[in-house]
Amino acid sequence: MDNRTIAQLLSETADLLEISSGDPFRIRSYRRAAEAVESSTIQLSTIADDPKKLLAIPGIGKGMAANIQEMERAGTLPLREELLVKFRPSMLELLKLPGMGPKSVALFWDALGIASVDELAAAIDQGRLNTLPRFGQKQIDKLKKGIEDYRRNSGRFLIDEAETAAEKVMAYLRAFPGIDRLTPAGSLRRGRETAGDVDILATGPACAEDCVAAAVEYTAAYPPISDLLAKGQNKVSFRLRNGLQVDVRLLPEASYGAALQYFTGSKMHNVSIRQRALKHGYTLSEYALARVDDGSTVAAATEEEIYAALGLDWIPPELRENNGEIEAAAEHRLPTLIELKDIRGDVHMHTDATDGRNTIREMADAALARGYEYIAITDHSKNLAMTNGLDDARALEHIRRIREVDAEMGGRLRVFPGIEVDILGDGALDLSDEVLAQMDVVIASVHSLFNQPMEQMTERVLRALENPHVRILGHPTGRLLLRREAFQVDIAAVMRRAAELGVAMEHNAYPDRLDLCDRDLRLAKELGCRIVINTDSHHTSHMEKMRYGVRQLRRAWLTKNDVLNTRPAEGFLAALRPKP
DNA sequence: GGAGATCTCTCCAAGATATCGACATATCT
């Protein structure tokens with residue numbers, strides 16, 4: 001069992017304990033253990049038979065070690081099974097709705113027997129919630145909207161989860177002799193934020209028509225398969241334990257490009273491309289670009305030759321949404337999209353001074369190893385008390401330490417002092433101007449305000465922008481994918497004012513965040529509003545998530561010049577709003 | 001349930017905000 005699965009079981013047990021109003025400290029220890037397992041670099045299955053090694057992990061004690069061993073042995077956790085007899089598995093789903101916590105789940109269950117999102121939706125329609133304490137019309141409306149959002153997104157997976165699954169499948173396939181090229185297609189290749197399923201294309205001598213059967217059998221024997229959905233001549237579909245569907249296609253090398261083009265999509269892009277092919281007297285299928293008249297193949301082996309035969313430059317997968325990319329490719333004016341290697345610094349990260357896991361130095365070393373030229377340490381301010389947020393005095397001490405590490409790095413990496421400061425209810429910030437004045441990177445963050453009406457929210461954010469120390473607006477929309485849409489803000493109004501003031505908009509690369517969607521990013525560019533992309537790393541390993549964010553920027557047609565942290569250190573600071 | 005001080009017990013993550021119902025509670029980060 002992999003760490004992620006163990007962590008998930010532990011965390012679900014914590015949720016169930018909370019619904020059953022169990023001991024809060026016991027609940028917390030399950031959550032802590034889940035976090036510890038998830039962020040551990042050691043694969044627990046390899047040390048499960050050695051209690052000493054398990055106990056060495058902070059947050060894992062005698063009881064938790066026994067739990068982990070039991071999970072490795074039996075694949076389940078007894079306490080969780082016990083609780084699931086009392087409650088229902090679908091109740092865990094209810095917790096994902098905005099404004100729903102364990103208390104409400106317990107209340108709905110006790111009073112109305114509601115155990116699932118569908119049952120809740122039905123109860124709302126029947127007006128059965130009105131009788132409950134704490135649930136007025138406003139709350140009910142919010143739930144209703146939450147259910148709609150949830151239904152729209154459910155069944156989809158975050159891109160990193162889909163990609164991790166795809167990589168594991170590909171590693172397995174690569175071990176088969178005669179499979180030598182593997183590419184994920186579909187929304188994964190297009191760099192979408194979420195994926196409904198995973199498409200993988202494979203080719204090589206083993207995929208030739210007369211011998212592909214053996215490779216198909218091998219694919220269908222992939223051990224983590226929980227459900228084999230289909231096994232055809234050159235296609236295998238299956239479902240993994242987490243519910244993710246994977247389609248593997250094993251294709252001869254000659255038609256690999258056509259297949260890749262077809263399975264990458266998007267659907268609308270393909271429709272337009274095929275129309276264009278017809279106008280040129282060709283027909284495009286997943287097997288080849290061929291002449292309509294005699295059916296002879298024009299191009300099939302690579303995408304480049306197919307696009308070229310249609311008079312088009314090769315179109316990066318991220319742009320294939322039928323949003324003008326075909327016209328641009330025809331006129332040779334596709335933008336040179338930003339790339340991961342263009343990013344020179346990550347200016348939003350946390351350390352063990354607040355809720356991060358690593359020291360300033362560890363973060364700096366990890367950033368240097370990634371090839372960055374600079375970072376900013378931006379821990380939380382005191383308003384986020386749970387994270388042990390910094391007050392003025394601690395912030396000053398932290399700045400001192402950050403400058404020390406900056407000196408220790410000897411110019412190989414610049415480490416800028418910064419802060420992720422909270423915007424309070426009145427639009428003020430929760431640290432003094434004197435302290436903020438000493439920071440290079442002040443990120444005013446929206447993320448502790450939520451559920452406010454749009455006008456109020458917008459007004460507060462606009463007021464915060466007027467503080468001359470604010471250089472970046474953090475989490476400008478606070479969108480969380482697959483979970484909650486927490487903030488409603490007039491993003492156009494905010495960007496317009498930010499552009500005037502020179503305040504940059506933050507885009508978060510972390511896969512469950514979508515601070516700015518394609519539309520927002522394009523709008524920012526249009527309005528001349530600067531963009532910074534960060535990972536908001538709480539652990540050295542989080543920095544690698546940058547690649548997902550860069551792909552989102554590519555989807556919005558952004559180039560290197562559109563993003564501030566592609567500039568060298570001095571240029572980056574100079575491009576931010578001038579310090580007062 | 002974990003960690004740390006004692007050898008079985010003690011302590012353990014906090015403050016802002018919205019909502020509902022008129023002070024408290026649940027949820028959020």
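This is a predicted model, so every value here is computed, not measured. So that the names make sense, note that chain A is the first sequence line, chain B the second, and so on, each numbered from 1.
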Engineer: Are A:Phe25 and B:dC12 stacked, counting the six-membered base ring, centres under 5.5 Å, planes under 30°?
Structural biologist: yes

Engineer: Using a strict cut-off of less than 4.0 Å between a Lys/Arg side-chain nitrogen and an Asp/Glu carboxylate oxygen, indicate whether A:Arg31 and A:Asp15 qualify as a salt bridge.
Structural biologist: yes

Engineer: Base, sugar-phosphate, or nothing: which does A:Thr387 touch, judged by heavy atoms less than 4.0 Å apart?
Structural biologist: nothing

Engineer: Do NZ/NE/NH1/NH2 and the carboxylate oxygens of A:Asp430 and A:Lys382 come within less than 4.0 Å?
Structural biologist: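 No.
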
Engineer: Need one value for A:Lys382: base, sugar-phosphate or nothing, where a base atom within 4.0 Å counts as base even if backbone is also close, heavy atoms only.
Structural biologist: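 Here A:Lys382 touches no strand at all.
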
Engineer: What is the nucleic acid contact for A:Pro102, judged by heavy atoms within less than 4.0 Å: base, sugar-phosphate only, or nothing?
Structural biologist: sugar-phosphate

Engineer: With a non-hydrogen cut-off below 4.0 angstrom, is A:Asp422 in contact with a base, only sugar-phosphate, or nothing?
Structural biologist: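 Nothing, no nucleic acid heavy atom in range.
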
Engineer: Taking the P atom in each of B:dT6 and B:dC11, what is the distance between them to the nearest angstrom?
Structural biologist: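 The same atom, P, in both gives a distance of 13 Å.
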
Engineer: Using the P atom as the point on both nucleotides, what is the distance between B:dG21 and B:dT17, in whole Å?
Structural biologist: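 After rounding to an integer number of Å, I get 22 Å for this pair.
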
Engineer: With a 3.5 Å limit on both atom pairs, tell me what B:dT6 is paired to, counting Watson-Crick and G-U wobble, or say none.
Structural biologist: none

Engineer: Closer than 4.0 Å, any side-chain N/O of A:Ser29 to the OP1 or OP2 of B:dC12?
Structural biologist: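 Indeed not, no polar side-chain atom of A:Ser29 lies that close.
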
Engineer: Which nucleotide, if any, forms a Watson-Crick or G-U wobble pair with B:dC12, using both distances under 3.5 Å?
Structural biologist: B:dG1

